[in-house]
Amino acid sequence: MVLALGEDTHRRLHAVVTARGAEPTDLARQLSTLLPAHATPTGYTFLDRLPLTPDGTADRERLASLAAATAGRAGPPATPMERRVAAIWERVLGTEVTDRHAGFFAEGGDSITALRLVAAVNSELGADVPVRTFLAAATLADLAVQAESSATTHLPEESGII
């Protein structure tokens with residue numbers, strides 16, 4: 001279920017997801033390939049089940065309060081790669097990363113800064129993340145996954161006479 005949270009002029013979409021087992025880590029990326037950017041949720045709340053009203057329908061009021069309580073609280077960078085990307089993100093964007101799933105553009109990024117961020121990540125981490133791939137799922141967690149999966153392995157070259 002998707003809810004619109006925030007003030008009238010700063011509304012953001014927030015998805016409330018019920019999933020069996022572990023939370024889907026690449027949900028934001030999957031949705032960004034299916035939905036236009038303006039329709040992709042900027043936040044996610046994971047629940048075992050939806051709260052219901054006495055008549056059995058989804059309790060939207062309760063969902064909104066749960067979503068508001070967890071919005072922006074996905075937590076700080078969790079993996080070593082996320083922490084490395086966060087250091088670059090903070091330097092390039094100039095804001096501290098408090099939510100690993102916060103959208104780059106929602107945090108104040110723009111297209112030029114996105115280019116700088118991707119270039120810095122590629123250069124400093126030995127990755128090969130295309131800008132287009134980052135723009136499709138522009139969160140710190142997604143960028144860390146992209147950087148880790150595209151990182152080139154640097155093996156020292158031997159030189160000499162054979």
Distance check, rounded to the nearest 0.5 Å: T53 atom OG1 versus E61 atom CD?
11.0 Å
About how many Å separate CE of M1 and CG of L47, when rounded to the nearest 0.5 Å?
11.0 Å
Validation row: [X], [Y] side chains within 4.5 angstrom (heavy atoms):
| X | Y | value |
| --- | --- | --- |
| L66 | P51 | yes |
| Y44 | L27 | yes |
| M81 | L125 | yes |
| W89 | T95 | yes |
| L117 | L93 | no |
| R84 | I88 | no |

Might you point out which heavy atoms bring [X] and [Y] nearest each other, and give the distance in Å?
| X | Y | answer |
| --- | --- | --- |
| F105 | S111 | CE2-N, 4.0 Å |
| Q146 | V129 | OE1-CG1, 3.4 Å |
| L63 | A58 | CD1-CB, 4.2 Å |
| A120 | V92 | CB-CG2, 4.3 Å |
| A127 | A147 | CB-O, 3.7 Å |
| H14 | T45 | NE2-OG1, 2.5 Å |

Applying side-chain contact (heavy atoms from CB on, under 4.5 Å) to E82 and not counting sequence neighbours gives P77, A78, T79, R100, L140, A141, A144
Going hydrophobic residue to hydrophobic residue with side-chain gaps under 4.5 angstrom, can you get from [X] over to [Y]?
| X | Y | answer |
| --- | --- | --- |
| V121 | L115 | yes |
| V97 | L143 | yes |
| V16 | L52 | no |

Tell me, which pairs form a side chain to side chain donor-acceptor pair (under 3.5 Å) where one or both residues lie in residues 113-127, sequence neighbours left out?
R91-E124, D110-T113
